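The structure under discussion appears below in the form of structure tokens.
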Amino acid sequence: QKEVEQNSGPLSVPEGAIASLNCTYSDRVSQSFFWYRQYSGKSPELIMSIYSNGDKEDGRFTAQLNKASQYVSLLIRDSQPSDSATYLCAVNGAYNQGGKLIFGQGTELSVKP
Amino acid sequence: DAGVTQSPTHLIKTRGQQVTLRCSPKSGHDTVSWYQQALGQGPQFIFQYYEEEERQRGNFPDRFSGHQFPNYSSELNVNALLLGDSALYLCASSSTGAPYEQYFGPGTRLTVT
């Protein structure tokens with residue numbers, strides 16, 4: 001079982017729709033969760049961090065965390081063609097694993113005009 | 001506010017050679033992590049440096065080594081290059097107070113022929 005799993009996609013949504021990206025993780029003691037956006041040929045960009053159960057909103061982005069189900073999601077409202085990218089879910093290891101981030105393989109999102 | 005910088009941008013090496021990649025962290029950050037990202041995959045943790053010491057290491061062979069300087073900048077060295085070392089090498093910086101919120105540099109694309 002992979003430590004962090006994401007659907008590779010591609011996920012295709014029309015412009016203006018809500019894009020829903022999902023991630024599951026295997027280490028129950030994980031404490032910090034992140035979403036990165038990576039455009040083709042570029043490096044990952046941190047767009048959301050979430051540390052406690054529930055929702056966290058930042059502009060058009062909402063991160064959702066459910067530690068009991070070991071599930072993290074990212075919702076993108078009013079999707080724009082500029083949101084087309086690969087979205088990486090990252091999870092830190094146990095507290096004694098320092099700053100190591102474990103990444104999923106990423107979900108490719110395509111927003112069609 | 002300068003972000004994370006990396007050099008060089010691209011590098012082509014021959015199998016068996018050695019390579020050194022460089023990274024300067026974001027202003028105010030004191031921790032540097034290195035990741036390897038193969039095409040179509042999420043970044044894989046190589047190691048992390050803090051206070052000029054390797055604090056944590058991922059599942060990479062001893063051919064991968066690093067260093068952190070007093071000004072917090074860092075180097076990644078790879079000896080005896082293999083074809084499989086071809087990848088995007090990413091440096092991420094963070095601060096002691098938030099070691100998991102890591103910000104990536106633009107990366108170095110290494111091609112081994």
Side-chain angles (χ1 to χ4, degrees), chain A residues 2-10 21-27 29-52 56 58 63 65 72 74 85-108, chain B residues 3-7 9-10 21 23 25-26 29-51 53-60 68 72 74 87-111:
Chain A
K2 291 183 181 178
E3 294 181 90
V4 178
E5 294 204 52
Q6 298 179 252
N7 292 327
S8 59
L21 304 161
N22 305 314
C23 172
T24 58
Y25 59 95
S26 61
D27 190 345
V29 300
S30 297
Q31 296 295 317
S32 307
F33 307 86
F34 305 91
W35 284 98
Y36 286 82
R37 177 175 62 197
Q38 186 171 26
Y39 293 112
S40 181
K42 302 296 185 182
S43 63
E45 174 192 7
L46 179 63
I47 56 172
M48 289 289 285
S49 58
I50 187 166
Y51 302 96
S52 54
K56 179 182 178 182
D58 183 0
L65 174 61
V72 192
L74 179 70
T86 296
Y87 289 80
L88 296 161
C89 173
V91 175
N92 86 294
Y95 77 95
N96 61 352
Q97 291 192 21
K100 173 182 176 180
L101 289 180
I102 303 167
F103 284 83
Q105 68 178 56
T107 298
E108 182 184 350
Chain B
V4 182
T5 60
Q6 292 187 244
S7 63
T9 305
H10 294 88
L21 310 181
C23 170
K26 184 179 168 72
H29 286 181
D30 56 10
T31 302
V32 173
S33 304
W34 287 92
Y35 293 82
Q36 179 195 67
Q37 186 177 27
L39 207 58
Q41 301 298 316
Q44 296 290 314
F45 177 79
I46 302 175
F47 41 53
Q48 184 180 81
Y49 277 85
Y50 171 68
E51 291 189 337
E53 297 282 336
E54 182 183 291
R55 180 158 70 176
Q56 192 179 8
R57 188 178 183 90
N59 294 325
F60 280 80
Q68 186 180 32
Y72 308 121
S74 177
L88 180 66
Y89 287 85
L90 296 161
C91 168
S93 75
S94 55
S95 64
T96 312
Y100 308 119
E101 290 207 1
Q102 299 181 11
Y103 296 85
F104 285 93
T108 294
R109 173 72 61 186
L110 173 65
T111 302

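Everything quoted here is computed from the prediction, not taken from an experiment. Residue numbers start from 1 in every chain, and the chains themselves are labelled A, B, ... in the order their sequence lines are given, proteins ahead of strands.
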What's the separation between atom [atom1] in [X] and atom [atom2] in [Y], rounded to the nearest 0.5 Å?
X        : Y       : atom1 : atom2 : result
B:Leu88  : A:Gln38 : CG    : CD    : 7.0 Å
B:Gln102 : A:Ser32 : CD    : OG    : 10.5 Å
B:Arg109 : A:Ser43 : CZ    : OG    : 11.0 Å
B:Glu101 : A:Leu46 : CD    : CG    : 6.0 Å

Residue part contacting chain A, namely of B:Gln37, when any heavy atom lies under 4.5 Å: side chain
Residue part contacting chain A, namely of B:Tyr35, when any heavy atom lies under 4.5 Å: side chain
Minimal non-hydrogen separation, B:Gly42 against A:Leu88, with atom names: CA-CD2, 4.1 Å
Taking atom [atom1] as the centre, does [X] end up with more than 12 heavy-atom neighbours from other residues, nucleotides or ligands that are less than 6.0 angstrom away?
X       : atom1 : answer
B:Phe47 : CZ    : yes
B:Asp30 : CG    : yes
B:Gln44 : CD    : no

Side chain, backbone, both or neither of A:Phe33 within contact of chain B (heavy atoms, under 4.5 Å): neither
B:Phe45 and A:Phe103 aromatic centres sub-6.0 Å: no
